[in-house]
Peer 1: 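Before I ask anything, let me first share the structure, which is written out below as structure tokens.
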2 protein chains.
Amino acid sequence: MSNRGRPRKSDSGRTKKRILDSAEELFARHGFQKVSLRSITSEAGVNVALINYYFGNKVGLLDAVLERRAAPINDHRNRLLDACAERAKVTGRLDAGEIIEAYTLPLLRSDTADASNRKMQHMIGLAYSDSSLETGRAIHRIFRDVARRFIAMLREACPELSAQEFHWRLVCVFGGITYLLAEPGRVRRLVGPEFDASDKSAAIACAMPFLAAGMSAPPAPTGSKRSAKPRRKGTRRVTKTPAEHASKPTARTGSPA
Amino acid sequence: MSNRGRPRKSDSGRTKKRILDSAEELFARHGFQKVSLRSITSEAGVNVALINYYFGNKVGLLDAVLERRAAPINDHRNRLLDACAERAKVTGRLDAGEIIEAYTLPLLRSDTADASNRKMQHMIGLAYSDSSLETGRAIHRIFRDVARRFIAMLREACPELSAQEFHWRLVCVFGGITYLLAEPGRVRRLVGPEFDASDKSAAIACAMPFLAAGMSAPPAPTGSKRSAKPRRKGTRRVTKTPAEHASKPTARTGSPA
DNA sequence: GTCTATAGGATGATAGAC
DNA sequence: GTCTATCATCCTATAGAC
């Protein structure tokens, strides 16, 4: 009679949470592909088949782990983007630096609980820097809406850039944010462990002027900078090699082409 | 008597090259982790065990594939960096934009054979955006020397930045270059396939002003930009959380901490 | 509804015959 | 130098006990 409603003390929610916690911990530490389902279930103290029972498969588990943390980040992002739009009503123009900061800050320095969010940051970073497979799709599903709003606002803030220039600079911004969040050890291997990689507030403070100045840079003044060798001709060229020299006709079904 | 010296027509070098070609093709198309050794050997028409015989294991095969293409890229980088140093003797100062371009251009637009290099670019991009595991280490071994020279020259070109500011901007530069080379489909999923992702010359032309302006931006003028909300206090803080709240003592041997 | 036990198919790696 | 056979491990799926 002590348990009215739930059938047992080891409820569905408890084991589910245990699996999610262990998966989050291990994904954040080793990355998605390196973690086996057996290591997750053994750490959680449950049976392997429960992952299939609750989440379908490994990707479903990743989705669940990410979705659990996505809402506060997206809400924070939307609030900061709202503030940018509000300020633009006064100043008459959106500021690229503020928009980038509004999109970046909630991920690198969230206002929710710190301990759990640190793990989430690392895990998102690892998922970001994963190859364009399941993890990329999971990240896309979770952040798609706010990311599109961010891109639209940033586009408004940079009207002087051509569509192509804006596109490639945007790629640089995403790459920079991704590496700020969790660069896969490459820079640290090159320069040594001089700075604390977990001090995201210092990282964001140092990187924001970089990203803002990059987006606000004049749009390729066509050879204003001095140069000794002949430059590429024009930036508006969208060349397309006619045939890709397929050396082997046995190629599989190409996914990213 | 037609074959003097080599024991058979299917020499060691021939099958070795067949394996390398197939591995390069498949790694470039699907990424390192997704490609199985059996798919490589079946495409190459050889036995599975030959990979172990020639390259030891899968990582050894990746190393061999990368090393085959590394030399011309590194040589080209060194030549362009030499030219930057030469110009600096005249102008009296290294130019950050030129240095970044010298490091980026050989990877995105090599002067060697085009067909083989396209595959190499895509493969390096996939390896770059892989998690911080074997592929990252392979990339590091191959590009370490030139990358360190690039970093040292770029540091000289930005003497007004503090060490910490330079570090995080450098992280942004590497992230941007990586995403320019092969962003894992994230931006394309967000904005659609508007621009040809393989047109690296347009990408580099549009991105260079971004990266150069970012490195040349003034070093965090401490609240010069207008802002409505209270900012973080100081950029020189290198906080370190005292304990990382290890929830489970059953954690494995942590690799990246 | 919750969970255990177990099996199928595929992977990376290796030993040993030819 | 090449190949067959085999191993341990992985993800996934399902049958059936509580």
Peer 1: Rounding to a whole Å, what distance do you find between A/Lys34:NZ and D/dC11:P?
Peer 2: 12 Å

Peer 1: Do A/Asp21 and A/Lys17 make a side-chain contact, defined as non-hydrogen atoms from C-beta onward lying under 4.5 Å apart?
Peer 2: yes

Peer 1: Measuring from the side chain of B/Lys58 (C-beta onward, heavy atoms only), which nucleotide among D/dT14, C/dG12, D/dC11 has the closest atom?
Peer 2: C/dG12

Peer 1: Please state how far atom CZ in B/Arg38 lies from atom C1' in D/dT6, giving the value in whole angstrom units.
Peer 2: 11 Å

Peer 1: Under 4.0 Å between any heavy atoms, over every strand shown, what does A/Leu50 touch: base, sugar-phosphate, or nothing? Just pick one.
Peer 2: base

Peer 1: If you compare every side-chain N and O of A/Tyr54 against the phosphate oxygens of C/dC3 (OP1, OP2), does one of them come in below 4.0 Å?
Peer 2: yes

Peer 1: Pick the nucleotide of DNA chain C nearest each of A/Val48 and A/Tyr53; which residue has the one closer to the 5' end?
Peer 2: A/Tyr53

Peer 1: Quick one: label B/Val35 by what it contacts on the DNA or RNA (base, sugar-phosphate, nothing), any heavy atom closer than 4.0 Å.
Peer 2: sugar-phosphate

Peer 1: What is the distance, to the nearest angstrom, from the CG atom on B/Asn52 to the P atom on D/dT4?
Peer 2: 16 Å

Peer 1: Return no unless some side-chain N or O of B/Thr15 is found under 4.0 Å from OP1 or OP2 of D/dT2.
Peer 2: yes

Peer 1: Can a side chain N or O of B/Asn47 be found less than 4.0 Å away from OP1 or OP2 on D/dT4?
Peer 2: yes

Peer 1: Indicate, with a heavy-atom threshold strictly under 4.0 Å, whether A/Gly13 touches base, sugar-phosphate, or nothing.
Peer 2: nothing

Peer 1: Tell me the interatomic distance from A/Ile51, atom CD1, to D/dT14, atom C1', rounded to whole angstroms.
Peer 2: 16 Å

Peer 1: Using a 4.0 Å heavy-atom cut-off, does B/Asn57 contact any base of the nucleic acid, only the sugar-phosphate backbone, or nothing at all?
Peer 2: sugar-phosphate

